Structures are given as C-alpha cells and as structure tokens.
2 protein chains.
Amino acid sequence: MRPESRSMRDSILAAAVQLFAQYGYHAAPLRDIARIAGIQAASIYHHYPSKQALLVEIMETHMQRLNTSLEYILKETDDPLQRLHDAIANHIRLHTTYKAEFFIIDTEMRALEEEHRPYILGLRDKYEALLQELLLDGMERDVFRRSDVKIASYAMIAMCTEVATWFRPDGRLSVQQVITIYRQFITEGLLHTPEVVAHMPDGAGHLL
Amino acid sequence: MRPESRSMRDSILAAAVQLFAQYGYHAAPLRDIARIAGIQAASIYHHYPSKQALLVEIMETHMQRLNTSLEYILKETDDPLQRLHDAIANHIRLHTTYKAEFFIIDTEMRALEEEHRPYILGLRDKYEALLQELLLDGMERDVFRRSDVKIASYAMIAMCTEVATWFRPDGRLSVQQVITIYRQFITEGLLHTPEVVAHMPDGAGHLL
DNA sequence: GTCTATATGTTGATAGAC
DNA sequence: GTCTATCAACATATAGAC
C-alpha cells in the first residue's frame, strides 16, 4: 500500500475514533468523519467497506494490543504479586494512552452488528481469562486471598478501565501516580492493615 | 392524573428503558418503543414532549433514588465501616434491581442534549461528593487507610456500577453474595493480610 | 483516489380526524 | 387519548465522471 493512501486510511480511522468517542457510534455521521479527515463522505468507501468496518477495526486493534501485552507479562514473569503489579500498570497505561479507543470498546459493544460481535467478545473474554489465570495462580500459591476469581477480575477490569473516562494528561495526577494508587487499593483495600489496627487499644473488632 | 393515562405513561417509559438499554438511545426507534407499549408512535407525544424527555426522566428518577438512599445512610449511621458496608450494599442492590435503568445512566450520558446534561451531571457529582464525604470522614477517624479520596470513590463506583452489566438474577451468585464479595475486596484487597495468616494454623484463605 | 449526484430507507416530530 | 397520514431532515451507501 502506498504512503499517501495509507495516510488517508489512518486519517479516516483517527477521525472515526474521535467522533465515536465523543458522540457515540450511531450519533457520529460519516459526513463529519469525512470532513475531519479532509475528504467527502463517499471517498471513505474507497478505504473502508462500511461505517461498521471502522468500528470493528478500532476495537480489534486495541483489544489485541491489550491481550498481547498481558500475555507477554504472564510469559516473562512468575511472581504473582509482580504479575499483578505489571498487569495493573499495563492496563492503565494502555487505557490512558489510547483513551478514546478504549472508551469506544467500553461503551459501543452494542453497536457491533451480529456478524462481528462474537469475534470482538471473544477477544474480551480472552483478556478476562488471562487475568483470571493470573489471579487463580496467585491464590493457589497463597499470595492472594482466596476469593471469587471471576468477580475479582470483573472488579479490577471495571475500575482500571474507567480511568479512560476521567483521566486527563494535564490533570492533577500523572499516569504513574494513578497506577500506584490503584495498585495499593487493589492489593490492600481501604482499611488499615490488620496488624496496624490490632496493635491499637481497640478497633480490632472492626476487622471482620 | 387518571389511572389509565398514568399506566400508559409508565408503559411507554418501561419500553424506552428496555430498548435504550438493549440497543442504545440513538439506535432505539420511537416506533419500536410505541409498539412495545401497544400504541402508535405519534401517541407517545401525548405523554412525553420528545424522545429526549424519556431519557431525562429515566436518568433523573434513578440518580435521585441513588442519592436519596445514600443521604439516608449518612444521616442514620455514624460508624465509618458500617457506613461503607451500607453504601456498597445500597449501590449494588439498586444497580441489580434497576439493572437496565442504571446501565442507561452509565452508557448514555453522551446522548443527553446540552440543555439537560448539566442537571444530570450535577446529580452524579452529588453522589460522588456524598461518597467522598464518607471516605474522608473514615480516613480522618483512622478507620480507613489515608489515600486519594477522589480515586477511591471513582474506583468503588466503577466496580460496583459495572455489576449492572453482568449480573443475572438467575446466575451463579445471589445479590447478597455479590455484596459480600465486593465488601471484602474493597475493604481488604486481594492480598493476604499478614496478621490473619499468622494467627491461623493453616489455610487463612479458606475464610469464606 | 476523490469527486458530484443521487438512490433508498429511516428517523423524530406534527397536523388534524375521531 | 389514540389514530392515520405525512413532513422535513438525515442517514449510509452506490454510480459513474474525472
């Protein structure tokens, strides 16, 4: 593919990302996507067969990016806590770097036509399975508390994904600060750790 | 308002809830909403001034329901941990009871026209402020670990809200079980708490 | 590769009879 | 309060010139 056509293909996709994230898939007219890309609406069909194809490509690319990176972490690292730390950092880094793309994945699943939904849902299920593998391994090796693996994975994914909704690069916290705060929340929770409380005159009764 | 008209008004709203949740606001045609309610599309305009009015009423009603219930908890309870437990249970109970309505609130904010968005966003901000008040009070009284209050509230809301996405009344877990699991995850995190492990002969992980 | 022109269908909303 | 009939606008997608 020649450079010029590749560049226009990317411009169209970038415009779609912007408008799908801003207004939603159905509320984003092809004409507006074309206008931002600098061409006429009809010209989009030289690069993509349909509006739906834009949505599928956005979701596919970034779900695969997420899966590939988590697979790499599981392959390269053995220690459960290190794996968890890396997985949290990886999830939040990708969701802040590709904020709009992951916001679309998070909110426009319903806009997928029946033909493509199973494939994209499969990629999402794959990510959940990888994270559940990480959590289960950590529980079996007594690093993590034994609890419901599915719920734990849902909770982690939900809280780390939502960062894409509110994070601003010029905001109060850096990506690294957000990662550090989420890591502590996920591993230790909101309460003081028991030994700290237990060493106090009273208050141990609040533990369980 | 007479019973018959009130009933049709409710039927229309119920149909809108179903289709907005299933297909999204923009992808749900008024004609389909009317068909489910058992009337013609034009007849909807006797009960509601616009499609947008349906969305606003759904969001307003349930955000107020959420706020009122959390305000009641803060008024009636003083102990920070009890307040947190009650807030988690309340959030999850409402999000499973009014699953479709809260799913709409969570995914269709972008579909609000400029005229109504500030009001609904204000209700959402109010809920966040109430939860942050609960968390800050608990930190100042040394029941909760001192951490970033805003992030903690975002994380809690995100994970408890997403229950509305996957929960099934006939699924593996009851609402009460889900509440119990989320409470432990939020208060204690994923890691073993050293103290508990130390005091138990073996298998502290078998607590549940 | 991009354009203009247009096909084809659907949408939210209105008018006015009953 | 509900209907039928219809409007005006907008959507995605296609045809064919350049």
Side-chain angles (χ1 to χ4, degrees), chain A residues 1-59 104 107-108 110-117, chain B residues 1-59 104 108-117:
Chain A
M1 196 175 275
R2 302 214 315 289
E4 310 95 70
S5 79
R6 175 129 176 60
S7 168
M8 180 48 80
R9 209 186 123 86
D10 289 352
S11 295
I12 294 167
L13 199 68
V17 165
Q18 180 189 326
L19 292 188
F20 289 173
Q22 191 167 357
Y23 302 113
Y25 177 77
H26 287 108
L30 267 185
R31 283 172 177 79
D32 290 2
I33 294 171
R35 187 177 38 74
I36 292 176
I39 54 173
Q40 291 298 312
S43 306
I44 289 181
Y45 291 87
H46 177 74
H47 302 275
Y48 293 92
S50 66
K51 183 184 182 184
Q52 177 80 192
L54 289 164
L55 181 64
V56 172
E57 182 156 324
I58 293 165
M59 290 186 164
I104 291 166
T107 56
E108 294 296 343
R110 285 175 300 182
L112 281 172
E113 288 162 18
E114 213 54 56
E115 188 188 347
H116 312 104
R117 190 176 300 135
Chain B
M1 195 175 275
R2 300 214 316 288
E4 308 97 68
S5 80
R6 176 130 174 60
S7 168
M8 178 49 78
R9 210 187 123 86
D10 289 353
S11 295
I12 294 167
L13 199 68
V17 166
Q18 180 190 323
L19 292 188
F20 289 173
Q22 191 167 355
Y23 302 114
Y25 176 77
H26 287 107
L30 265 185
R31 282 168 176 77
D32 291 0
I33 295 171
R35 187 177 39 74
I36 292 177
I39 54 173
Q40 292 299 312
S43 306
I44 288 180
Y45 290 88
H46 177 74
H47 303 276
Y48 293 92
S50 67
K51 185 184 180 183
Q52 177 80 193
L54 288 164
L55 181 64
V56 172
E57 182 157 322
I58 293 165
M59 290 186 164
I104 291 166
E108 294 296 342
M109 277 289 173
R110 285 175 300 181
L112 282 172
E113 287 160 19
E114 214 53 58
E115 188 188 347
H116 311 105
R117 190 176 299 137

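So you know, we letter chains A, B, ... as the sequences are listed, proteins then strands, and number each from 1. None of the values given here were measured: they were computed from a predicted structure.
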Practice problem: Describe the nucleic acid contact of B:A34 in one word from base, sugar-phosphate, nothing, applying a heavy-atom distance below 4.0 Å. | Solution: nothing
Self-check item: Pairing pattern in dot-bracket form [Watson-Crick, G-U; both distances under 3.5 Å; | = partner strand] for DNA chain C
Solution: ||||||||||||||||||
Self-check item: Nearest listed nucleotide, side chain of B:P29, among C:dT11, C:dA13, D:dT2
Solution: C:dT11
Practice problem: For D:dC3, take OP1 and OP2 only and decide whether either is under 4.0 Å from a side-chain N or O of B:H46. | Solution: no
Self-check item: Phosphate contact (C:dG1 OP1 or OP2) by A:S43 side-chain N/O below 4.0 Å
Solution: no
Quiz item: Just how far, in rounded Å, is P of C:dT11 from NZ of B:K51?
Solution: 9 Å
Exercise. Describe the nucleic acid contact of A:A37 in one word from base, sugar-phosphate, nothing, applying a heavy-atom distance below 4.0 Å.
Key: nothing
Practice problem: In whole angstrom, give the distance that lies between atom CD of B:E113 and atom C1' of C:dA13. | Solution: 13 Å
Quiz item: Considering only side-chain heavy atoms of A:Q40, which listed nucleotide, C:dT4, D:dT12, D:dT4, is closest?
Solution: C:dT4
Quiz item: Closest approach of B:A16 and B:L54, non-hydrogen atoms and distance?
Solution: CB-CD1, 4.1 Å
Exercise. Could you check which of D:dT14, C:dT14, C:dT2 has an atom nearest any side-chain atom of A:Y45?
Key: D:dT14
Quiz item: Can you tell me if OH on A:Y48 sees more than 12 non-hydrogen neighbours from other groups inside 6.0 Å?
Solution: yes
Practice problem: Indicate, with a heavy-atom threshold strictly under 4.0 Å, whether A:A42 touches base, sugar-phosphate, or nothing. | Solution: base
Quiz item: Nearest-Å distance, CG (B:L19) to P (C:dT10)?
Solution: 17 Å
Exercise. Side chain of A:L30 only, please: which of D:dC3, D:dT12, D:dT14 is the nearest?
Key: D:dT12
Self-check item: Integer-rounded Å distance: D:dC3 C1' and B:I12 CD1
Solution: 14 Å
Self-check item: Residue closer to the 5' end of DNA chain C, A:A41 versus A:R31 (nearest nucleotide)
Solution: A:A41
Quiz prompt | Under 4.0 angstrom between A:H26 side-chain N/O and D:dA11 OP1 or OP2 | solution = no
Self-check item: Any donor-acceptor N/O pair, A:Q52 side chain to A:E113 backbone, under 3.5 Å
Solution: yes
Quiz item: Whole Å only: how far is the CZ atom of A:R35 from the C1' atom of C:dT2?
Solution: 18 Å
